[in-house]
Amino acid sequence: MKLFDVFPLFDINIVEGKGCYVYDEKGNEYLDLYGGHAVISVGHSHPYYVAKLTEQLNKIGFYSNSVINKLQQEVAQKLGEQCGYPDYNLFLVNSGAEANENAIKLASFHNGRKKVLAFSKAFHGRTSATVAATDSPAYSAPVNINPNYIFTPFNDIESVRKELETKEYSCVLIEGIQGVAGIKIPYDGFLKELRQICTETGTILILDEIQSGYGRSGKFFAHQYAEIEADLITVAKGIGNGFPMSGVLINPMFKAVYGQLGTTFGGNHLACAAAIAVLDIMKEEKLIENAYNVGEYLMQELRKFPQIKDVRGRGLMIGMEFDEPIKEKRSKLLFEEKVFTGVTGANVFRLLPPLCLTMEQADIFLERFKKVL
């Protein structure tokens with residue numbers, strides 16, 4: 001049997017990682033400015049993280065959610081304290097798409113409405129409900145086309161107002177920063193007005209912070225730059241530093257009803273050990289502040305490159321847009337200068353490194369990137 005061919009693969013077999021570096025089977029060292037799709041938050045193979053998972057695996061790795069798991073309670077307490085939502089509840093699941101799917105479901109259970117408002121160029125996942133909210137024909141099969149999912153232009157508050165004033169919408173689903181779209185940031189004023197309209201119309205506001213959350217933007221959640229609160233917040237990627245895990249942060253106005261939500265693997269013992277280690281390391285090493293500082297420095301320096309049309313982002317979530325396709329540049333950067341980056345579309349580089357990236361490592365990247373340009 002062979003693997004189903006869903007991604008074009010680089011001819012590199014990564015076998016080891018440490019901090020912001022990864023290593024292939026030939027011993028080549030690569031500077032990781034992509035973090036495996038924004039997943040690696042505290043660095044590869046952090047000693048504390050490895051110790052916490054090893055310790056837990058030596059006790060128990062998994063048991064059913066039909067019994068108390070105090071590790072889940074510890075995750076909820078620490079996450080609430082660090083993210084600024086201490087009074088919210090937490091539902092733990094396994095992937096970003098699953099978190100969004102459950103958030104959409106919760107919103108509909110809460111107000112009984114069917115319609116979902118999402119935004120142009122959005123990406124929310126590949127499961128049935130989330131791909132219906134993802135504005136790209138590349139991801140949607142005929143079965144995913146759903147007339148209850150409506151898209152409006154990003155950052156166009158009047159289009160949003162027109163839709164929501166009908167009071168037909170269960171929820172609005174929006175990313176803290178659009179990642180796949182090319183690092184597009186919702187204006188602070190847009191989010192504030194969106195929050196107000198949702199409140200006035202009884203529409204649930206869901207913030208998808210799967211890529212932009214967990215400190216990546218230089219705040220715990222990107223929407224906190226706008227000084228608003230969401231009704232439901234979805235998290236994944238950085239929550240487990242590579243261990244599959246996600247969650248929904250739930251406003252206490254939502255009342256739990258047994259049977260509405262459920263999961264087999266969500267919040268298992270190993271996943272919780274990973275999540276606790278991540279939160280401990282982020283707090284101890286001040287990684288959110290580091291993401292802000294190193295990210296500001298990187299963007300400042302990148303704006304000095306005349307070849308780059310636009311540099312945008314927050315913290316260590318950075319997009320560099322060119323006037324021309326960048327496939328060849330990315331290939332040279334990876335194979336000649338040994339740097340992993342992401343791309344989106346034909347002409348945007350995406351930088352999503354571990355939050356522990358240092359100023360010195362940022363300078364190494366800038367020097368290697370300069371050679372490629």
Side-chain angles (χ1 to χ4, degrees), residues 4 6 91 93-182 184 186 190-191 194-195 197-212 223 230-237 246-251 254 257 259-263 266 344-345:
F4 194 57
V6 295
F91 176 55
V93 279
N94 307 284
S95 69
E98 192 178 344
N100 280 333
E101 189 113 2
N102 279 283
I104 292 168
K105 219 165 106 175
L106 265 175
S108 187
F109 275 130
H110 181 77
N111 56 25
R113 301 176 186 174
K114 296 180 179 179
K115 296 180 80 172
V116 175
L117 190 69
F119 294 90
S120 57
K121 309 302 181 185
F123 181 84
H124 295 291
R126 299 175 187 268
T127 54
S128 58
T130 58
V131 81
T134 293
D135 185 24
S136 172
Y139 304 121
S140 297
V143 72
N144 301 125
I145 305 303
N146 190 325
N148 287 324
Y149 286 73
I150 306 298
F151 295 93
T152 63
F154 191 61
N155 277 328
D156 183 344
I157 197 64
E158 291 310 314
S159 294
V160 172
R161 191 187 309 276
K162 181 180 177 181
E163 295 292 337
L164 296 190
E165 282 179 347
T166 66
K167 296 188 178 180
E168 297 176 345
Y169 285 87
S170 169
C171 59
V172 174
L173 180 60
I174 185 170
E175 293 161 270
I177 297 173
Q178 286 193 329
V180 172
K184 300 291 181 66
F190 175 79
L191 283 180
L194 176 61
R195 171 68 278 179
I197 297 168
C198 284
T199 301
E200 291 170 353
T201 59
T203 309
I204 299 302
L205 178 58
I206 304 174
L207 255 296
D208 176 342
E209 293 279 6
I210 287 161
Q211 189 171 134
S212 56
H223 70 266
D231 301 313
L232 298 168
I233 305 162
T234 56
V235 295
K237 292 190 182 291
S246 66
V248 186
L249 280 66
I250 304 168
N251 187 301
F254 292 85
V257 177
Q260 282 187 351
L261 304 180
T263 175
T344 184

Next on the checklist: Run the side chain to side chain contact (heavy atoms under 4.5 Å, CB included) test on T234 and E98 for me, step by step, so that the C-alpha distance in whole Å, both residues' side-chain angles and the decisive distance to 0.1 Å come before the verdict.
Outcome noted: CA-CA 9 Å; T234 56; E98 192 178 344; over 6 Å; no

Checklist entry - Can you tell if the side chain of I250 reaches within under 4.5 Å of the side chain of F91, non-hydrogen atoms only? => result yes

Next on the checklist: Among L191, I174, I233, L232, which residue satisfies the side chain to side chain contact (heavy atoms under 4.5 Å, CB included) criterion with L205?
Outcome noted: I174

Checklist entry - Can you name the closest pair of heavy atoms from I104 and A129 and give their distance? => result CD1-O, 4.3 Å

Item to check | CA sep, side-chain torsions, deciding dist, call: T203, I197, side chain to side chain contact (heavy atoms under 4.5 Å, CB included) | outcome: CA-CA 8 Å; T203 309; I197 297 168; over 6 Å; no

Next on the checklist: Which heavy atom of S120 sits nearest to which heavy atom of P153, and what is that distance?
Outcome noted: OG-CA, 3.6 Å

Checklist entry - Hey, does R161 have a side-chain heavy atom less than 4.5 Å from the side chain of E165? => result yes

Next on the checklist: Does any part of the side chain of V116, heavy atoms only, come nearer than 4.5 Å to the side chain of N148, both counted from C-beta?
Outcome noted: no

Checklist entry - What is the distance from atom CZ of F154 to atom CD of Q178, rounded to the nearest 0.5 Å? => result 4.0 Å

Checklist entry - How far does NZ of K184 sit from OG1 of T344, to the nearest 0.5 angstrom? => result 9.0 Å

Next on the checklist: If you compare all heavy atoms of N146 against all heavy atoms of A132, which two are closest, and at what distance to 0.1 Å?
Outcome noted: CB-CB, 4.3 Å

Checklist outcome for this item: R126 meets the salt bridge (charged side-chain N to carboxylate O under 4.0 Å, His left out) criterion, sequence neighbours left out, with none

Checklist entry - Can you tell me how far the CD1 atom of I210 sits from the CZ atom of F123, to the nearest 0.5 Å? => result 9.0 Å

Checklist entry - Considering all heavy atoms of both residues, which atom of H124 and which atom of T134 are nearest to each other, and what is their separation? => result N-OG1, 2.8 Å

Checklist entry - Nearest heavy-atom pair of K121 and D135: which atoms, and what distance? => result N-OD2, 3.0 Å

Checklist entry - Looking at side-chain heavy atoms only, is the closest gap between N100 and T127 below 4.5 Å? => result no

Item to check | Side-chain donor/acceptor of E209 to backbone N/O of H223, under 3.5 Å | outcome: yes

Next on the checklist: With rounding to the nearest 0.5 angstrom, report the CG to CD1 distance, L173 to I204.
Outcome noted: 12.5 Å

Next on the checklist: I'd like to check F254 versus V248 (side-chain heavy atoms, cut-off strictly below 4.5 Å). Are they in contact?
Outcome noted: no

Item to check | Q211 side chain near E175 side chain, heavy-atom distance below 4.5 Å | outcome: no

Checklist entry - Listed by chain and number, what are the side chain to side chain contact (heavy atoms under 4.5 Å, CB included) partners of N144, not counting sequence neighbours? => result S128, V131, S140, A141

Checklist entry - Hey, does F119 have a side-chain heavy atom less than 4.5 Å from the side chain of V172? => result yes

Checklist entry - What pairs with E200 under salt bridge (charged side-chain N to carboxylate O under 4.0 Å, His left out), at least two apart in sequence or on another chain? => result none

Checklist entry - Are the side chains of S108 and K105 in touch, meaning some heavy atoms are under 4.5 Å apart? => result no

Next on the checklist: Has R113 got a side-chain atom pairing as donor or acceptor with Y169's backbone, closer than 3.5 angstrom?
Outcome noted: yes

Checklist outcome for this item: SG of C171 to CG of L117, rounded to nearest 0.5 Å, is 8.5 Å

Checklist entry - Any idea which heavy atoms bring K114 and S170 closest together, and the distance? => result N-CB, 4.4 Å

Checklist outcome for this item: Interatomic distance, CG@L106 vs CG@L261, rounded to 0.5 Å, equals 4.5 Å

Next on the checklist: Are more than 12 heavy atoms, taken from residues, nucleotides or ligands other than K115, located less than 6.0 Å from that residue's NZ atom?
Outcome noted: yes

